[in-house]
Every structure is written in structure tokens, then in C-alpha cells.
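Position 1 is the first residue of the sequence, and the numbers go up from there.
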Amino acid sequence: QLQLVESGGGLVQAGGSLRLSCAASGRTFSSGALAWFRQGPGKELEFVAGLSFEDTNTYYSASVKGRFTISRDNAKTTVYLQMNSLKPEDTALYYCATRASRLVVTAARSFDYWGQGTQVTVSL
């Protein structure tokens, strides 16, 4: 059974950076796709970034494109979300999630396994 564990969240000032990690336990990320989602206070769950484990394509929401970078290690044990130029509106609980299909989609309901989330808080 695949389990996902997020880490790396914290409190930073606007303009700062954080790197989130999503580690697989039970098995490695052998196939499919992984995406980061976030849910801010009083907001709906939203897609942030995603990648396929079978190609080099990455995908980003318009709100984070150019600031965030999703990547994976060669062993497919960890996926990262490098978050630069953070803004207060980036404050949210960040989740990583996976699906069996290699096609990255933005709908949370399409993802089968979810981590517990890691909190990112960006202050002014």
C-alpha cells in the first residue's frame, strides 16, 4: 500500500522560499502521476503543480507558474515542490497526491492516494 508523507512546510516571510517534499513509503513512485494541491483558509482545494513519472512534463497552475518548481529524484522515492517568491496568498495546507494514470489532471477527485498535508504560512 502506497503511503505519502509531506514535509518541509513552515512559516516564512513574503518573498521567501520553502521546499516541500513528498516521500513514498511502502513502495516507490514507479508509474502514474503526482500532483501538489493546497487548501487555504476558507478556500477550496486547488491544484498547484503536477508531474508524470513516465516523462519529463510538468504542469503548474497560473498562480504559481514561474515561482514554483516540481521535480523528482532519479530513484522515484521523493517528489519536491520548490516554492520561491512566496506570497501571503500561498498560505495553505499543501498535500501531495498520486494517481495510476500518467496523465496529470487538475481534479483532486482523480487522485487516489493523499498525504496528511504540510502547512505553509507566508507572512507579510
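The two residues F29 and T77 make their nearest non-hydrogen contact at CE1-O, 3.8 Å. Of all heavy-atom pairs between L45 and Y95, the closest is CD1-CD1, 4.0 Å. Shortest non-hydrogen contact noted between P88 and L124 is CG-CD2, 3.3 Å. Of all heavy-atom pairs between D112 and A100, the closest is OD2-N, 3.9 Å. Closest approach of Y60 to A49, counting heavy atoms only: CD2-CB, 3.6 Å. Considering every non-hydrogen atom in both Q116 and V5, the closest pair reads OE1-CA, 3.7 Å.
Residues satisfying the salt bridge (charged side-chain N to carboxylate O under 4.0 Å, His left out) criterion with E46, sequence neighbours excluded, are R38.
Between Y113 and R99 the shortest side-chain heavy-atom distance does not fall below 4.5 Å. The side-chain heavy atoms of F47 and W36, taken from C-beta on, include no pair separated by under 4.5 Å. Between F68 and Q82 there is no side-chain heavy-atom pair separated by less than 4.5 Å. Counting only heavy atoms from C-beta outward, the side chains of D90 and R67 approach each other to under 4.5 Å. Side-chain contact between V79 and I70 is present, with at least one heavy-atom pair separated by less than 4.5 Å. Residues V48 and L81 have side chains in contact (heavy-atom distance under 4.5 Å, counting atoms from C-beta outward). Using a 4.5 Å heavy-atom threshold, the side chains of F53 and S31 count as separate. In this structure, R72 and T78 have side chains that are not in contact, with every pair of non-hydrogen atoms separated by 4.5 Å or more.
W114 and V105 fall within a single hydrophobic cluster, where Ile, Leu, Val, Met, Phe, Trp and Tyr are joined by side-chain heavy atoms under 4.5 Å apart, directly or via other members. Hydrophobic cluster membership is shared by L34 and L2, with clusters built from Ile, Leu, Val, Met, Phe, Trp and Tyr side chains linked at under 4.5 angstrom. When the side chains of ILVMFWY residues are joined at heavy-atom separations under 4.5 Å, either directly or via intervening members, L51 and Y80 end up in two distinct hydrophobic clusters. Tracing side-chain contacts under 4.5 Å through hydrophobic residues (I, L, V, M, F, W, Y), one never reaches L4 starting from F37; they form parts of separate clusters.
Side chain of E6 to main chain of T118: no donor-acceptor pair is present (N/O by atom type, distance under 3.5 Å, no hydrogens or angles). No donor-acceptor pair closer than 3.5 Å links the side chain of R102 to the backbone N or O of E54. In this structure a side-chain-to-backbone donor-acceptor pair under 3.5 Å is present from T91 to V122.
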Could you list the donor-acceptor pairs under 3.5 angstrom formed by side chains in residues 9-25, with sequence neighbours left out?
{"from": "S17", "atom 1": "OG", "to": "N84", "atom 2": "OD1", "distance (Å)": "2.9"}
{"from": "S25", "atom 1": "OG", "to": "Q3", "atom 2": "O", "distance (Å)": "3.4"}
{"from": "S25", "atom 1": "OG", "to": "Q3", "atom 2": "OE1", "distance (Å)": "3.4"}

